[in-house]
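Chain identifiers are assigned alphabetically (A, B, ...) following the order of the sequence lines, protein sequences preceding nucleic acid strands; residue numbering begins at 1 within each chain.
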Amino acid sequence: DTEVTQTPKHLVMGMTNKKSLKCEQHMGHRAMYWYKQKAKKPPELMFVYSYEKLSINESVPSRFSPECPNSSLLNLHLHALQPEDSALYLCASSQPRQGAGTGELFFGEGSRLTVL
Amino acid sequence: KNQVEQSPQSLIILEGKNCTLQCNYTVSPFSNLRWYKQDTGRGPVSLTIMTFSENTKSNGRYTATLDADTKQSSLHITASQLSDSASYICVVSGGSGGSYIPTFGRGTSLIVHP
């Protein structure tokens, strides 16, 4: 079983809805990530939080709003999404890079999002 | 630009057979390389991690190799099982400026038939 927990597993929303995806880890990791994955494609990085501060935003549209309330939680707030935003959203965590052999990404099971 | 190329894009084999997946990368400086297995609709799970000084590492029926000089890695699966059907993703970490952010390959889709 993964040690990164994502909820909900499935989410269907309309283009005018506001919803949130949640991610939780208790491995003491201080880096957390959101990835977006379309079918038969590799995960694409969206955001990185390091020590609860947003360190990377890969030019993600503002209809996606990340939040890191504490070192164990990561949220992704969704508003006014488009049908093309339908995808599997993966959360991951790791220790911040300390050198070779560290920083392995631990992924959650993902939240399958469908935008109608 | 950091890139990770995987081949083949897809592979179909019979249960019990062996197979080898390839990964070439241009990430520099190199930190480490990981192979992940991703079942359809689920999150990736790490199989092996290779650092600069390691040439071979095994995890059960999975054996990964790394040639840091030619910037190539392979994942060998022995005596394949139906449950090996999945996407196998090569992920390389490193790059200039101390950035950790890993670079993902596009994956190899493996189908094991009975």
Would the number of heavy atoms belonging to other residues, nucleotides or ligands and lying under 6.0 Å from [atom1] of [X] be above 12?
{"X": "A:K19", "atom1": "NZ", "result": "no"}
{"X": "A:R112", "atom1": "CZ", "result": "yes"}
{"X": "A:M15", "atom1": "CE", "result": "no"}
{"X": "A:K38", "atom1": "NZ", "result": "yes"}
{"X": "A:E84", "atom1": "CD", "result": "yes"}

Mind listing the closest non-hydrogen atom pair of A:P42 and B:G105 along with its distance?
CB-O, 3.1 Å
Could you tell me which non-hydrogen atom of A:P43 sits nearest to which non-hydrogen atom of B:I89, and how far apart they are?
CD-CD1, 4.1 Å
Side chain to side chain, [X] and [Y], heavy atoms closer than 4.5 Å:
{"X": "B:R106", "Y": "A:K40", "result": "no"}
{"X": "B:Q38", "Y": "A:L90", "result": "yes"}
{"X": "B:P102", "Y": "A:L105", "result": "yes"}

Which answer fits B:E54, side chain, backbone, both or neither, if we ask what part of it has an atom under 4.5 Å from a heavy atom of chain A?
neither
Of B:G41, B:G107, B:P44, the largest count of non-hydrogen pairs under 4.5 angstrom with chain A goes to B:P44
Tell me, for A:Q37 versus chain B, whether the close heavy atoms (under 4.5 Å) come from the side chain, the backbone, both or neither.
side chain
side-chain contact (heavy atoms from CB on, under 4.5 Å) between B:V45 and A:F106, worked out:
CA-CA 7 Å; B:V45 176; A:F106 288 79; over 6 Å; no
Do A:M46 and A:Y33 share a hydrophobic cluster (ILVMFWY, side-chain heavy atoms under 4.5 Å, transitive)?
no
Under 4.5 Å between side-chain heavy atoms, hopping through other hydrophobics if needed: is there a path connecting A:V60 to A:Y89?
yes
In Å and rounded to the nearest 0.5 Å, what is the OH to CZ distance from B:Y36 to A:F107?
5.5 Å
